[in-house]
Amino acid sequence: MDRETLSELLLGRKYQEAMDLVKKRHGNLRILLGLLYSEEELVRWRAVTLLGLVAAEGRTELAPAVRRLLWFLNEESSTVGWCSAQAIAEIYRNNPGMARDAIRPVLHLSDDPELSDPSNRNTPILAGSIWAIGALAEDEPSLVSEMGPSLVKFLEDPEPVIRGFSAWALGRMRFAAAEEDLRKLAGDAAVISLYEGDALKNISVARAAGGALVKIRKNSSEGGEE
Amino acid sequence: MSDTPMIDQLETGPWPSFIKDIKRMAAKNAMCKDLLGLLEMSYKDKRTHWKHGGIVGVRGYGGGIIGRYSDSPEKFPNVSHFHTVRVNQPSAWFYNTGALRYLCDLWEKHGSGLTNLHGSTGDFVMLGTTTDQLEPIFTDLSEHGWDLGGSGSDVRTPSCCNGMARCEFACYDTMNLCYDLTNEYQDELHRPAFPYKFKFKMSGCPNDCVASIARSDCSIIGTWRDDIQQDNAAVTEYAKGGKVDIANDVVAKCPTGCMSWDGSKLSIDNKNCNRCMHCINVMPKALRPGKDKGAMILLGAKAPIVQGALLSSVIVPFIKMEPPYEEFKDLIRRIWEFWDEHGENRERIGEMIVRIGKGNFVEEIGLEPLPAMIKEPRSNPYIFYEEYFEEE
Amino acid sequence: MAAPKRKTDIGPPHYEQMLHPMVKANYGKWKYHEKVKPGVLMHVSETGDKLYTVRAASSRLVSIDKIRDFCNLADKYCDGYLRFTSRNNVEFMTDKEANVQPIIDELSKMGHPVGGTGNSISNIVHTQGWVHCHSSATDASGVVKATMDELIDYFTSMKLPAHLRIAVACCLNMCGAVHCSDIAILGIHRTPPTIDNDKLGNLCEIPSTVASCPKAAIRPKVIEGKKTVEVVEDLCMYCGNCYTVCPAMPIANPLNDGISIWVGGKVSNSRHAPMFSKLAIPYLPNNPPRWPEVTGAVKNIVETYAKDAKKYERVGEWINRIGWQKFFEKTGLEFTKYHIDDYTLASSTYNSSTHVKF
């Protein structure tokens, strides 16, 4: 199996076939990890999804891969873990035991002042961390709740992807305190590419904020979820 | 009164002064000016003023850029972001001036104008730029036939000695092998997915001028299998010449005592030669490596962190090294598959071999155990016997 | 919106375009070489062609203006070709003997002494130090400049008993072959890391941090409800690897950080097999900008070796012959309990014999 074959399967949504190939030889897992660097956006994201599916099955031990992925976010010789945050979150969501120790640093990446300074930072890495918060918000609300205030601040970020992902994540968190700031984004027509389910959607920041507001209001009217 | 009285003191003296060089650039480049200030602060405070880590890169690659942020952005704003770009060097650091001038012009446009020639792994290092310049730099490089080097848990940029380009001792074409492997393993180089880093270093002979036995996970050191080539007329010339004392400088220094000199004839018992290169080094006009040339493969060198320093050790005493190097690449494939599966996070291959046992490792990658792999057999009796008889 | 497609994975340019015509014509055909004089090599090929190489000192950290100066020189005398060595020197190759002296003269005017060939000190391989590294306990370029200024005679001559390779590493990560050098200069810490308990759980993956310690001195701990770690200080030997893995555990301490000196390492296989460098001096103060204690100590070792060693003996081979007792005696260095190994395989370094000199 090589990069091209696996990419094709992912683009064709042939997840079971892809998983069978990945499990066939340990070296194939490394090829899957390599796809997290792919220049093609959809391939990167589907690789994230596939890692989640592999974790869910539970038969392949991914904890060593998780440590590697986290190491790519914090490495003295700078590997760039382009989709490490998302991958770790997806693995955790499907099988918390496999990523138990890695999840907190991933969710708290935006605590690093280097990443939250808009003038000169690695936006995709920050966006990945915000997406990770959103991805886990519905399954693990207590894990992500303390990130709420940081995400609210990001709603005013100069970059659309940060505003959009933060809005989306705050909605999934049902973070009521964000309501006012989300409403301010009603006119934000900047378009972002958001991965949800297993598809990439082009939506405006305003629409992401609108969707978030719907979730928050529904939550408060139903008396909140436990 | 200078702003930098301490580092100014490094401008005097016969050795080339890096401070003078940075100051020359500082006259037209604000990053260099601030770098001098930051460095002066370090000299005063006796500590570094660079912060940990820094996640920056270019699309499609997982490495090649080292992020660096200073801890004093208010004082020295022009070096608050001071990332490094690793550019894959041409084999053995040969350049034509056109190539170097291109790199200089590119760097002048996008960064501090300071370089390292070269980094420890071997890359041409562009020292100091900001995040927004990274994509333009990489696009420009790739349009002109250059590429980034490795960083992180990947195959790092391979490097080699000048081999057949300029050395009579070279036992295989190090420069070609380096070029070939670099291209073969581009994916592994740019997309880190291994347990930790993996370095190839290639030396053409056992003199090992790139220190591969000390620094690389996979050392490829040229050697020969047959007899040293001897030019007896030239030996006589050395004997007459007075500069080389064959008996004391050559024969007496032979570590295996396989040489003899009776005043007119030099005899080498080649079956007992361990190819240390000493006699060849002393009498290059008279002695040369044999004709049946190839390479020795050693695995596992690394610096002290974590378990201690290791030198690489023999796993293949002799392998022919001719393009396309299929036999070698097949060996590497088997080694990587095993290390990828069994290596722990941040475990170099040398540490893994020590942990699981070299005997087990060698077996798993399909090689026969050989005396050449060891200095001496075990002296402890803790043998993990695997074969035993069952009761009927 | 898709970003423009650009070429990736193309690797470096092919070396063939970087080779001087005489180098290219004689690729694989070199017969022997001579060390004409310090810094000048002559390679002779089977075809009779003669290639001259002039090797000059370079500081590894070079500006583009300096590179352009080198290029001007190479254009003038070397048909537009040059190279750099594995120890960061610069080399100019020409097929005209008459060009050799002009190259040397111009390099001299530029402030680049010519030398580093044969039995010399060729250049000090080093790391980034305070110029660029977050984990450096000392500066590297400054130490190199100060040391080579002191030892310049050994660069511009070939009078040592054998090659002498010096390396500087600004911390225990040792980016370079410091662990196998004739003389190695190593930046060290002497105090344990300080832990930011508030930030650690959010910045670092705790199992990796625990695993990073060679002495298992780091344990997970919960302080005021926050996940963090603690360091068992008796087990800590200040290597700083935990800081490499976890930014919330800085270890730099200007008061106590310093420099150690190591001797006797060797990479080449000629005569004796490769060897690690061994401890000579455990601590010297970090004293920028010229580190007189370090340069003095290194010079003392070099000169003691130069006076006492036999021809073709590297520092390590010299010490093997005279024994470590004599090494400490002749150099006047103090022997302390720090010199005695206490890590894994330490017992293999003890003297288990009656071989003692009086």
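Below, chain A is the first sequence line, B the second, and so on; all start at residue 1.
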| Would you say the SG of C246(C) sits less than 2.5 Å from the SG of C204(C)? |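 A disulfide, yes.
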Tell me, side chain or backbone of [X] under 4.5 Å from chain B's heavy atoms, or both, or neither?
X	value
F70(C)	neither
L172(C)	both
T156(C)	neither
H272(C)	neither
D79(C)	neither
Y81(C)	both
C180(C)	side chain

Residue, of [options], that accumulates the most heavy atom pairs under 4.5 Å with chain C:
options	answer
H49(B), K28(B), H144(B)	K28(B)
N248(B), N29(B), N176(B)	N176(B)
Q89(B), K375(B), K285(B), Q9(B)	K285(B)

| message | Shorter than 4.5 Å, heavy atoms on both sides: which option in H179(C), K310(C), M174(C), M275(C) has the most such pairs with chain B? | response |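 Highest number of heavy-atom pairs under 4.5 Å: H179(C).
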| In terms of heavy-atom pairs under 4.5 Å with chain B, which of R87(C), M148(C), R290(C), H132(C) leads? |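 Of R87(C), M148(C), R290(C), H132(C), H132(C) has the most heavy-atom pairs under 4.5 Å with chain B.
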Tell me whether the rings of [X] and [Y] are parallel (<30°), tilted (30 to 60°) or perpendicular (>60°).
X	Y	answer
Y27(C)	Y15(C)	parallel
H190(B)	Y61(B)	parallel
F82(B)	W50(B)	parallel

| Ignoring hydrogens and geometry, is there a side-chain-to-backbone donor-acceptor pair from N88(B) to G11(C) under 3.5 Å? |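 Side chain of N88(B) to backbone of G11(C), a donor-acceptor pair under 3.5 Å: no, none is there.
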| Side chain / backbone / both / neither for L39(B) at chain C, heavy atoms under 4.5 Å | side chain
| Distance under 6.0 Å and angle within 45° of the ring axis: does R83(C) meet both against F94(B)? | yes
| remark: So CZ of R60(C) and CD1 of I124(C): to nearest 0.5 Å the spacing works out to 12.5 Å
| request: Working to the nearest 0.5 Å, report the span between CG of N269(C) and CG of N274(B). | output: 8.0 Å
